[in-house]
Amino acid sequence: MVINELHIRSDFRNLKGLDLKFDTTHTTNIIIGNNGAGKSNILEAFSSIFGTLYYGDKPEFEFDFSLRYHTSLGNNVVISSIADRGFKMRVDDNLIPFSDKRFLPKRVICNYSGEDRRIYEAYYEKIYRDFYSQVVHSKGNDTLKMVYVDKDIWRTILLIMLVTRNEHEAYDSFFRDVLGLEDNNAVSVKIQIDEKELERWKRNPNPAYFYIQTLTDQIAPDTSISITDINKSGESAESLFNYMVNAQRVIQSIHINLKGFDSGFMSEGEKKLMVVKFILESIADEDSLVLLDEPDSHIHISRKKELKDYFDSFDHRDNIVTSHSPTMTATFEDKAIIMLDVDGGYAKVIDRDKQQIVSELTRDMWSLQEQNIFLTSHKDILLLEGEWDEAYLTAAKKAFHNNGEFADIDFACLPCGGAEQLVRLQSRFTPKAGQMLFAFWDADKAGIEAMRKVFNDNYRIENFGIARKTGSVWFAFYPRWRKDIPNFNVEDYFTKRVIRSYISSFESLVDIVSRDTLKKKMANDCDEGRMSYRDLMHFNKVFELIRRIKQADAAGESAILK
């Protein structure tokens with residue numbers, strides 16, 4: 001199946017009014033955003049909808065929504081539940097009753113990485129409890145439709161992968177390349193069974209019962225059993241998983257020893273990679289929806305690309321992934337990335353055009369995760385000419401704050417590099433409530449020409465004043481701290497003593513090469529915290545102007561002339 005769209009119409013967590021459109025040319029879409037943006041809430045929304053569709057007695061959903069997806073056979077499915085319109089499910093424009101489950105995913109599989117069990121308790125626990133009761137009484141299907149995989153089930157998954165490694169190249173590769181386990185000869189397993197619970201199953205035997213009963217014949221107290229004894233009948237990995245899930249209360253514990261060490265000493269990253277591989281390889285298929293919460297967490301940076309490649313190798317799966325990782329995000333194409341922000345307490349999708357604008361303005365200097373941080377920031381934003389301006393102003397802000405000055409001034413920076421990019425940004429980028437945009441230019445020939453382009457030559461530079469607003473952006477030249485510098489640049493805030501010290505640090509004039517070399521060295525020292533308050537003190541002129549502009553803006557003014 002392929003999810004096309006999900007629209008949440010009423011209150012649910014912070015998702016009210018959220019319109020999600022997934023890129024159908026990719027089987028994996030990744031949702032990124034800061035903490036609290038609503039990434040995990042989206043996984044909960046899918047769990048809530050499908051939990052009701054699978055196991056609800058009637059179409060009573062937690063919230064109003066509309067959902068569209070395509071099945072593996074190409075059926076167009078549109079499901080909606082809206083308070084004043086009721087429940088509707090259309091398949092290829094034909095109305096289908098709530099009781100008809102044929103066009104639902106075969107399974108929804110949710111892999112949650114955190115310690116919080118809210119999503120399990122809210123949407124999976126009752127399903128598991130009822131399902132187990134039906135299995136014990138042989139009244140239900142032996143395949144669970146809503147599968148929750150968390151950190152506690154990894155031993156079961158490890159056991160199944162070991163048992164079936166000869167049938168799965170991906171499993172064998174994992175054990176060889178990641179764990180260094182050439183074969184199963186160095187593996188021993190102990191399984192503890194709850195005999196009283198198993199006795200209950202005798203009254204209504206089912207396939208899982210017969211499997212567990214066969215398994216107990218091989219188990220002696222405090223005795224390890226071989227991998228081959230666990231699966232003598234040659235069951236598939238999916239069947240074994242179904243049995244294990246069905247028998248969750250019968251199997252009390254599993255202990256696996258790998259080459260002389262307890263499997264519990266596997267790293268969190270190894271466990272995570274193993275679980276994701278198992279989900280995609282064995283319990284998901286072309287009719288499944290897989291929800292993965294930060295599957296790359298704890299995975300070594302060198303293996304994050306491997307994880308993305310593994311997603312791509314299953315081009316008939318539909319995966320929705322959340323992540324915080326810039327490295328992981330960078331492996332996805334832009335179309336497959338959904339950036340979330342919070343506006344007025346509710347999640348919203350950042351417009352793709354804004355993503356493109358920021359990507360172009362930063363000239364690929366920022367990763368998508370860094371772009372997301374900028375786009376979701378609620379701080380004021382400084383739009384700057386050069387790539388080094390950001391280093392200077394950020395270091396100055398830190399120095400002033402540490403000295404107890406300008407505590408009311410905070411901002412994020414975006415180097416733009418030219419008037420054309422700034423014009424495009426100001427016309428399409430709307431600041432958030434309470435957020436302001438400031439653009440600062442060097443007061444030299446290039447800066448003056450850039451400012452003329454922004455204002456379309458509708459002013460004379462001598463009448464520009466101190467600052468002017470057009471659209472949502474306030475523009476200003478860097479205010480001079482010395483009147484004797486005719487073409488004032490941002491680097492002129494550094495004193496002559498500082499400039500001389502840098503020049504003298506080069507062994508010869510040839511080493512300096514250009515003014516940019518000097519600027520870069522100064523910016524690097526700012527980034528590394530090697531600039532003192534004394535070195536940066538004249539940047540106070542910028543901060544004082546920011547404060548004046550904020551006051552003028554609050555008063556409804558659009559220019560500061562004196």
### Query
Is a side-chain N or O of N184 found less than 3.5 angstrom from the main chain of V187, in a donor-acceptor match?
no
### Message
Go through it in stages, so that I can follow the logic: the residues are R118 and E44, the test is salt bridge (Lys or Arg N to Asp or Glu O under 4.0 Å), and I'd like the CA-CA distance, side-chain angles, deciding distance and then a yes or no.
### Response
CA-CA 9 Å; R118 183 183 71 187; E44 290 191 43; 2.3 Å; yes
### Task
Please round to the nearest 0.5 Å and tell me the distance separating atom CG of L18 and atom CZ of F12.
11.5 Å
### Query
Roughly how far apart are I160 CD1 and E235 CD, rounded to 0.5 Å?
11.0 Å
### Task
For the pair Y55 and T52, evaluate side chain to side chain contact (heavy atoms under 4.5 Å, CB included) and give the outcome as yes or no after the intermediate values.
CA-CA 5 Å; Y55 296 105; T52 301; over 6 Å; no
### Rounded distance (nearest 0.5 Å) linking atom CZ of R107 with atom CG of D287
12.5 Å
### Task
Could you tell me whether the side chain of W154 reaches within less than 4.5 Å of the side chain of S263, counting heavy atoms only?
yes
### Query
Is a side-chain N or O of S282 found less than 3.5 angstrom from the main chain of I279, in a donor-acceptor match?
no
### Query
Going through the checks in order, is the salt bridge (Lys or Arg N to Asp or Glu O under 4.0 Å) test met by E60 and K58?
CA-CA 6 Å; E60 292 183 349; K58 49 188 175 180; 3.3 Å; yes
### Query
At what distance, to the nearest 0.5 angstrom, does CG of N94 lie from CE of M89?
11.5 Å
### Step-by-step salt bridge (Lys or Arg N to Asp or Glu O under 4.0 Å) determination, E199 to K196
CA-CA 5 Å; E199 190 68 24; K196 290 184 179 179; over 6 Å; no
### Task
For the residue pair F50 and Y54, categorise the inter-ring angle as parallel (less than 30°), tilted (30 to 60°) or perpendicular (more than 60°).
tilted
### Message
Would V78 and L67 count as a side chain to side chain contact (heavy atoms under 4.5 Å, CB included) here? Give the steps.
### Response
CA-CA 6 Å; V78 180; L67 170 67; over 6 Å; no
### Query
Aromatic rings F87 and F61: how do their planes relate, parallel, tilted or perpendicular, breaks at 30° and 60°?
parallel
### Exam field: side chain N14 to backbone A37, donor-acceptor pair closer than 3.5 Å
yes
### Query
Would you say D57 has more than 12 foreign heavy atoms packed within less than 6.0 Å of its CG?
no
### Message
For N319, is there any backbone N or O sitting under 3.5 Å from a side-chain donor or acceptor partner on T28?
### Response
no
#### Entry: Centroid-centroid under 6.0 Å between F241 and F278 rings
yes
### Message
Is there a side-chain contact between E62 and Y123 in this structure, where contact means two heavy atoms from C-beta onward sitting under 4.5 Å apart?
### Response
yes
### Query
Less than 4.5 Å apart, any side-chain heavy atom of L280 and any of V276?
yes
### Task
Determine, for D64 against K16, whether the closest basic-nitrogen to carboxylate-oxygen distance falls under 4.0 angstrom.
no
### Message
Side chains of S239 and N242 only: does a donor on one sit below 3.5 Å from an acceptor on the other?
### Response
no
### Task
Mind running side chain to side chain contact (heavy atoms under 4.5 Å, CB included) on V2 and F22 for me, showing each step along the way?
CA-CA 9 Å; V2 175; F22 297 92; over 6 Å; no
### Face-on cation placement of K277 at Y310 ring, 6.0 Å and 45° thresholds
yes
#### Entry: F63 vs S81 side-chain heavy atoms within contact, under 4.5 Å
no
### Message
Quick check on D93: does its CG atom have over 12 non-hydrogen neighbours (other residues, nucleotides or ligands) under 6.0 Å away?
### Response
no
### Message
Looking at E169, I'd like to know if its CD atom is crowded, meaning that more than 12 non-hydrogen atoms belonging to other residues, nucleotides or ligands lie closer than 6.0 Å.
### Response
no
### Message
Please check if the number of heavy atoms outside R85 that lie under 6.0 Å from its CZ is greater than 12.
### Response
no
### Query
Would Y171 and F175 count as a close aromatic pair, with their ring centres under 6.0 Å?
no
### Query
Do we get K308 above F332's six-membered ring, with its NZ or CZ under 6.0 Å from the centre and within 45° of the axis?
yes
### Query
Considering residues, nucleotides and ligands other than F265, do more than 12 of their heavy atoms fall under 6.0 Å from its CZ?
no
### Task
Measure from the side-chain N and O atoms of Q435 to the backbone N and O of K379, and report whether any donor-acceptor pair falls under 3.5 Å.
yes
### Task
Consider only side-chain N and O atoms of S323 and D296, and report whether a donor and an acceptor are under 3.5 Å apart.
yes
### Message
Between R90 and L95 (side chain of the first, backbone of the second, donor and acceptor by atom type, cut-off under 3.5 Å), is there such a pair?
### Response
no
### Task
Would you check if the side chain of D318 reaches a backbone N or O of I3 as a donor-acceptor pair within less than 3.5 Å?
yes
### Task
Look at the side chain of H26 and the backbone N and O of I337, then say whether any donor-acceptor pair between them is shorter than 3.5 Å.
no
#### Entry: Side chain to side chain, T394 and C413, heavy atoms closer than 4.5 Å
yes
### Message
Under a 3.5 Å threshold, yes or no: a donor from one side chain and an acceptor from the other, between D92 and N75?
### Response
yes
### Task
Considering non-hydrogen atoms only, spot the tightest contact between G264 and D262 and give its length.
N-OD1, 2.6 Å
### Message
Minimum heavy-atom separation for E281 and A170, please, with both atom names.
### Response
OE1-CB, 3.6 Å
### Message
What I'd like to find out is whether the side chain of I42 reaches to under 4.5 Å of the side chain of L15, using heavy atoms alone.
### Response
yes
#### Entry: CG on L159 to CD1 on I153, rounded to 0.5 Å
11.5 Å
### Task
Give a yes-or-no answer on whether the side chains of T322 and E294 include a donor-acceptor pair shorter than 3.5 Å.
no
### Task
Identify whether NZ of Lys or CZ of Arg in K101 sits under 6.0 Å from the centre of the six-membered ring of F98 and within 45° of that ring's axis.
yes
### Task
Measure the shortest side-chain to side-chain distance between V77 and R68 over non-hydrogen atoms and say whether it is less than 4.5 angstrom.
no
### Query
Would D341 and Y346 satisfy side chain to side chain donor-acceptor pair (under 3.5 Å), going step by step from the backbone distance to the final call?
CA-CA 8 Å; D341 189 14; Y346 289 98; over 6 Å; no
### Message
Could you walk me through whether D150 and R117 satisfy the salt bridge (Lys or Arg N to Asp or Glu O under 4.0 Å) test, starting with their C-alpha distance in whole Å, then the side-chain angles of each, then the deciding distance to 0.1 Å, before giving a yes or no?
### Response
CA-CA 9 Å; D150 63 8; R117 290 175 59 84; 3.5 Å; yes
### Message
Could you tell me if N4 and H70 have a donor-acceptor pair between their side chains, going purely by distance under 3.5 Å?
### Response
yes
### Derivation and outcome, side chain to side chain contact (heavy atoms under 4.5 Å, CB included), residues I109 and L291
CA-CA 6 Å; I109 303 158; L291 309 173; over 6 Å; no
### Summary
When every non-hydrogen atom of K272 is compared with those of P295, the smallest separation belongs to CG-O, 2.9 Å
#### Entry: Under 3.5 Å: donor-acceptor pair, side chain of E197, backbone of D194
no
### Query
Do the side-chain N and O atoms of Y243 and E238 include a donor-acceptor pair separated by under 3.5 angstrom?
no
### Query
Atom CG of D19 and atom OG of S66: how far apart are they, to the nearest 0.5 Å?
7.5 Å
### Task
Check for a donor-acceptor pair, side chain of K259 on one end and backbone N or O of L181 on the other, with a separation under 3.5 Å.
no
### Message
Using side-chain heavy atoms (C-beta onward) and a distance below 4.5 Å, is F46 in contact with L289?
### Response
yes
